Amino acid sequence: MNPMDMDEARESQFQPAASVPAAAVPEDRRFQALGDLRFLPDETLCAILTYLSPHDIGRLSCVSSVMYIFCNEEPLWTTLCLKNVNRQLEYKGSWKRTTLHQLDLLTEYEKTPAKQLHFNGFYSLFLYRRLYRCYTTLDGFSFDNGNVDRKKDLSLQEFYDDYDGQKPVLISGLADTWPARNSWTFEQLLQNYGDLAFRLSQRSSRKVMMTFKDYVSYTQIQHDEDPLYVFDDKFGEVAPKLLKDYSVPHLFQEDFFDVLGRDERPPFRWLIIGPERSGASWHVDPALTSAWNTLLCGRKRWALYPPGKVPLGVTVHVNEDDGDVNIDTPSSLQWWLDFYPLLSDEDKPIECTQLPGETIFVPSGWWHCVLNLEASVAVTQNFVNSKNFEFVCLDMAPGYRHKGLCRAGILALDEGSLVDVKNDSSCEENHVRCSDFIRKEKRMKTHQPPESDNLENVEFVYDIKFLSRFLDQERDHYNSEWSSSNVIGQRNMRGWLQKLWVKRPELRGLIWKGACLALNAGRWHDRLREICAFNDFPLPTDEEKLPVGTGSNPVYLVAENVIKILVERGLEASLYALGTELQFYNLLDQVNSPLKDHIPVVLASGFLFLKDGSCQVIPWDGIGVPELNENFNMVPENHNEVDYPFGIWNKKQFEYHKVRLSSLESGNPEGCSTVWPYIVLKRCRGKIFADLRESLSWNDMLNLATFLGEQLRNLHTLPYPSFNVSNLLVSEQRTELPLGNGFLDDTAEKTSFSPELITYIKTLNKKKQDISSRLTKWGDPIPVTLIDKVGEYIPEDFEKFFNMFEDDKSVAKPYTWIHSDVMDDNIQMKPCNLTSCLGESTHDPSPVNNGCANDYNGSTKSNSWRPCHIIDFSDLSLGVSAFCMMRML
């Protein structure tokens, strides 16, 4: 049964005959039509149906009369359509017809129109209320002007003193000179941009697009409970002329995200267009940013609560693993109809009706809900300035308690979180306290009186000193899961702070506070000073306090040195990373490889660790086991048999053991470590390729390609350390080898694989099992479509993939060193004049310094740039050589 086979039951609304009782009440058909499902609330039944496919809904509608009613509900088909949208949306008069159009079934469906079915004897208050919301109009509702301050010609100083970071304000006059004030009407936008597609608000993860002319047609005929509205952060790219129709008001022009390029910064501006009854449900703006919203036509009703006051009917969920925030909330219309009447006067929100030409300012952390009283057009932008910067950094710090606290107040915390917390008398007077807001001479109640004695003296304060006390001290930025609800990726966050540090030196005091919240910058700076002092290196200056680059380890540029503290994936992984890197450098010297002229020069390496409450530093060159504290128990079993116990082969063994652990044990494997490996390299002066890619000439790019070809060949032909079978634990010599389609017992007897290749294949098979989840958690988001297809590019059976000669049992599998991270930020280039670079050999032994030199202040203007170094060898690995791969294929 296809969805098109279902009879129409008044597609766009619920049957009045099924919801309005007649004078003669017929027998209730719920018992026989639903069976045991009758015990479920109608709301639950409707929610369950949204998980079915349209074809399954078509079959289910034939089961009984009541299922027929549920399966023909228009809100159900709205959800089904948005979940399965696979191309540009085109509304066909109802969501059922629109869904059939998406499935290419509408034409066949229209050939055999079905007769409507009517049923008596079924009543549902839930469905009736939803039907009412679909057809109600708002012109009969009475809305006063509200109690938000209204200002005209507000000065920047007055805004800063009285409103920024403190309370909302409605400002008139800011848009009087905008062309958009006259041209942003439905008629004008339809005439100028009717054929352009804009992004719509929707309740699914899919990107829903609709041409503006189709959207206007939809708004004129729809009767949706929660109408879709245009909410497009790319409108400036879709219709660049729209950006010329308005300008950022002078009150909001300070924006710390401006140091990022357009492709780097998170979404920050939106075109908002919606019909009557549409609007934004309760939420706090992303990353605790502030926002301004200017209305060009129509009327909007706003409701706002201060930070920590969760509106009635709203639930905040914060994931304890990564701090991901999710909010369950009714639609804005449902909240005003069903929840607002339940509030006492003292619990009602701060409200206002926004008129055309008015701009509302929403401070950081404030809850707000918006309902369009008329068809409306608006533009909004979020921003980070000096008043909310620390809150934005706090919100992106690892952990979850502070995120719940910022949104839900004290009620988000358990009693254990408040054992040592009392009223914070050090908080500044002008910060937001929940009890500071008066509504019509009545003090607003912001949280219910706590029942626990532990909460008795704790008052929620939206103050950075108070909120930061709830940061999880056991979690570190570099080794914690990154929340998918953060507006910026983990690496991008570090790059943003570094660019601010360089480009806005007058704000370094504030930036340092934010970096200490988000990155634990103060702690890493203290560890950096200990390393410098022990090795007699210059101490970091004020300009050198922040880590540079976007890598997964703290890296500092101090004088002529690059100091890297290894923390990625925990202490044990860092040990093997440093041990392998030092083994690699030693090997380069032994064989006198030409590659050594184009890689960093090692100046020092070792460990910083805590002992008896104080920091100590010991040197380590990778040979032997470091003598750390008595609790150090990460010594490989074969450490007496090899020079480099944390070298490449033991690293491969370690990787295999780690990837075979259950995914339930993911997270920070080491907790809060007290041991930090480090390495100091000589700094080179040029610039990284990432900062030059837009300015390089064609000849520069050719020279870069030649350089990479030569040096990667030198890397891949470098001999690798011999593999001793004793590297394999006895228990691992005859182990099961997991393959894509099962397990292979007694591997050594059934294959010609060498012991080292067995370990290699085991690791690959284990990594394959959770590759999708690992890619999803990557700091810079990878498109979902690529993640979904990654399995198609991985061999199903790695044993067959590596078994080049089935009959030759003695064939050896050669290996090659792999850098694993030859990215644009790990290629160093230096300036040269044009004549000296053309045709010049890349084998240039001239003395240079290593670096991850993200020199954002330096000029990129040069006649030409020449590649000189490949840097960051902390993720070295071994793989099967390309030559053998070609022979296999």
Side-chain angles (χ1 to χ4, degrees), residues 476 478-479 520 522-540 544 547 551-589 600-648 650-651 654 668-683 721 850 852 872-876:
D476 182 76
Y478 288 94
N479 263 334
N520 282 331
R523 293 184 182 181
W524 291 115
H525 181 255
D526 291 341
R527 293 160 190 166
L528 172 66
R529 291 176 61 89
E530 294 285 348
I531 294 171
C532 291
F534 176 82
N535 291 283
D536 293 327
F537 295 140
L539 296 179
E544 300 166 340
S552 299
N553 296 296
V555 177
Y556 294 87
L557 302 181
V558 182
E560 299 299 317
N561 309 314
V562 178
I563 302 174
K564 177 168 61 176
I565 306 174
L566 288 85
V567 298
E568 185 178 11
R569 294 189 294 270
L571 172 58
E572 195 168 6
S574 298
L575 273 168
Y576 284 102
L578 179 59
T580 297
E581 187 171 3
L582 294 173
Q583 181 187 35
F584 172 76
Y585 293 143
N586 178 266
L587 183 63
L588 282 177
D589 288 335
V601 176
V602 180
L603 301 178
S605 57
F607 295 89
L608 171 70
F609 64 98
L610 293 178
K611 186 174 183 180
D612 299 328
S614 62
C615 287
Q616 297 188 20
V617 180
I618 63 170
W620 185 59
D621 60 3
I623 299 176
V625 176
E627 296 181 3
L628 300 174
N629 56 48
E630 59 277 3
N631 297 322
F632 182 72
N633 57 0
M634 301 178 183
V635 181
E637 293 191 15
N638 66 337
H639 67 278
N640 291 322
E641 304 173 19
V642 292
D643 291 334
Y644 288 87
F646 293 94
I648 185 61
N650 278 349
K651 178 183 180 182
F654 164 75
N668 181 3
E670 306 299 337
C672 187
S673 176
T674 58
V675 180
W676 302 279
Y678 73 88
I679 187 170
V680 183
L681 310 166
K682 195 172 182 181
R683 178 180 178 182
N850 169 57
C852 311
D872 191 2
F873 285 78
S874 61
D875 201 21
L876 278 166

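Bear in mind that the values here come from a model prediction, so they are computed numbers and not experimental data.
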Considering all heavy atoms of both residues, which atom of [X] and which atom of [Y] are nearest to each other, and what is their separation?
| X | Y | result |
| --- | --- | --- |
| Pro554 | Val567 | CD-CG2, 3.6 Å |
| Pro600 | Phe873 | CD-CE1, 4.1 Å |
| Ser874 | Leu566 | CB-CD2, 4.3 Å |
| Asp875 | Lys651 | C-NZ, 3.9 Å |
| Gly622 | Pro645 | O-CD, 3.9 Å |
| Asn535 | Ala604 | OD1-CB, 3.4 Å |

Exercise. Scan Trp676, Tyr678, Phe607 and name whichever one has a ring-ring contact (aromatic ring centres under 6.0 Å, His included) with Trp620.
Key: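 Only one option passes, and that is Phe607.
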Quiz item: Any sub-3.5 Å donor-acceptor pair from Asp476's side-chain atoms to Tyr478's backbone N or O?
Solution: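 Present.
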Self-check item: Short side-chain to backbone donor-acceptor contact, Asp621 and Ile623, under 3.5 Å
Solution: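 Confirmed, Asp621 side chain pairs with Ile623 backbone.
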Rounded to the nearest 0.5 Å, how far apart are [atom1] of [X] and [atom2] of [Y]?
| X | Y | atom1 | atom2 | result |
| --- | --- | --- | --- | --- |
| Arg529 | Cys615 | CZ | SG | 12.0 Å |
| Phe646 | Glu572 | CZ | CD | 7.5 Å |
| Ile565 | Glu568 | CD1 | CD | 14.5 Å |
| Ile679 | Asn553 | CD1 | CG | 11.0 Å |
| Thr580 | Asn650 | OG1 | CG | 8.5 Å |
| Lys564 | Ser605 | NZ | OG | 11.5 Å |

Self-check item: Phe609 vs Ile618, side chain to side chain contact (heavy atoms under 4.5 Å, CB included): CA-CA, chis, key distance, verdict
Solution: CA-CA 8 Å; Phe609 64 98; Ile618 63 170; 3.8 Å; yes
Do [X] and [Y] have side chains that approach each other closer than 4.5 Å (heavy atoms only, starting at C-beta)?
| X | Y | value |
| --- | --- | --- |
| Leu681 | Leu603 | no |
| Phe537 | Val680 | yes |
| Phe534 | Leu608 | no |

Quiz item: Does a donor on one side chain sit under 3.5 Å from an acceptor on the other, for Tyr585 and Glu581?
Solution: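 The answer is yes; a qualifying pair exists.
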Self-check item: Worked check of side chain to side chain contact (heavy atoms under 4.5 Å, CB included) between Leu575 and Phe654
Solution: CA-CA 11 Å; Leu575 273 168; Phe654 164 75; over 6 Å; no
Quiz item: With sequence neighbours excluded, what pairs up with Tyr556 under the ring-ring contact (aromatic ring centres under 6.0 Å, His included) test?
Solution: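 Testing Tyr556 for ring-ring contact (aromatic ring centres under 6.0 Å, His included), a comparison that skips the adjacent residues, returns none.
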